[in-house]
Amino acid sequence: MWEEFKKFALKGNVLDLAVAVVIGAAFGKIVSSLVTDIIMPLVGILTGGIDLKGLSFAYGDAVVKYGVFLQSVVDFFIIAFSIFMVVKLVNRFKRKEPVKVEVVETPAPAPEVALLTEIRDLLRTDKQGQKDN
């Protein structure tokens, strides 16, 4: 059982996934800090310090905090846009691989088609020669 577990745990896909999760968590912290510490204060300045989290209404004993939801939606769009810009920046600096151009030769026409094409071309040159005379 231990050998089977080692084979499973040390497969390339599992290790790649583990590395991706760790890097993703670290990147998530960076993006969260970017949004919380840099972008949201700037958005607050531009919107006059509006805090959506405080928006709510009460109906009986229930309090519906729709402002928290709206703030989460705004945060999502800002985070998504930030990640989009980072990916776009990384792709710009990535080495561009040369485009492989595959040359496809057209098959030779059937002998009948080649013969008909030759006859057509001969008739064209013959007609053009008659017009010039």
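In the hydrophobic cluster analysis, where Ile, Leu, Val, Met, Phe, Trp and Tyr join through side-chain heavy atoms closer than 4.5 angstrom, L89 is grouped apart from V87. Put simply, F81 and I38 are part of two different groups of oily side chains (I, L, V, M, F, W, Y) that touch within less than 4.5 Å, one to the next. Y66 and V68 are assigned to two separate hydrophobic clusters, defined by single-linkage of ILVMFWY side chains at heavy-atom distances under 4.5 Å. F69 and F77 fall within a single hydrophobic cluster, where Ile, Leu, Val, Met, Phe, Trp and Tyr are joined by side-chain heavy atoms under 4.5 Å apart, directly or via other members. No single ILVMFWY cluster, assembled from side-chain heavy atoms under 4.5 Å apart, contains both V113 and L116.
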- Message: What verdict does the side chain to side chain contact (heavy atoms under 4.5 Å, CB included) test give for E112 and L115, after you've listed the backbone C-alpha separation in whole Å, the side-chain angles of each residue and the deciding distance to 0.1 Å?
- Response: CA-CA 5 Å; E112 300 86 16; L115 183 60; 5.8 Å; no
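Here the rule is side-chain contact (heavy atoms from CB on, under 4.5 Å) with R120, and of T117, L122, L123 only T117 fits it.
Of the possible polar contacts, none joining the S33 side chain to the K29 backbone as a donor-acceptor pair under 3.5 Å is found.
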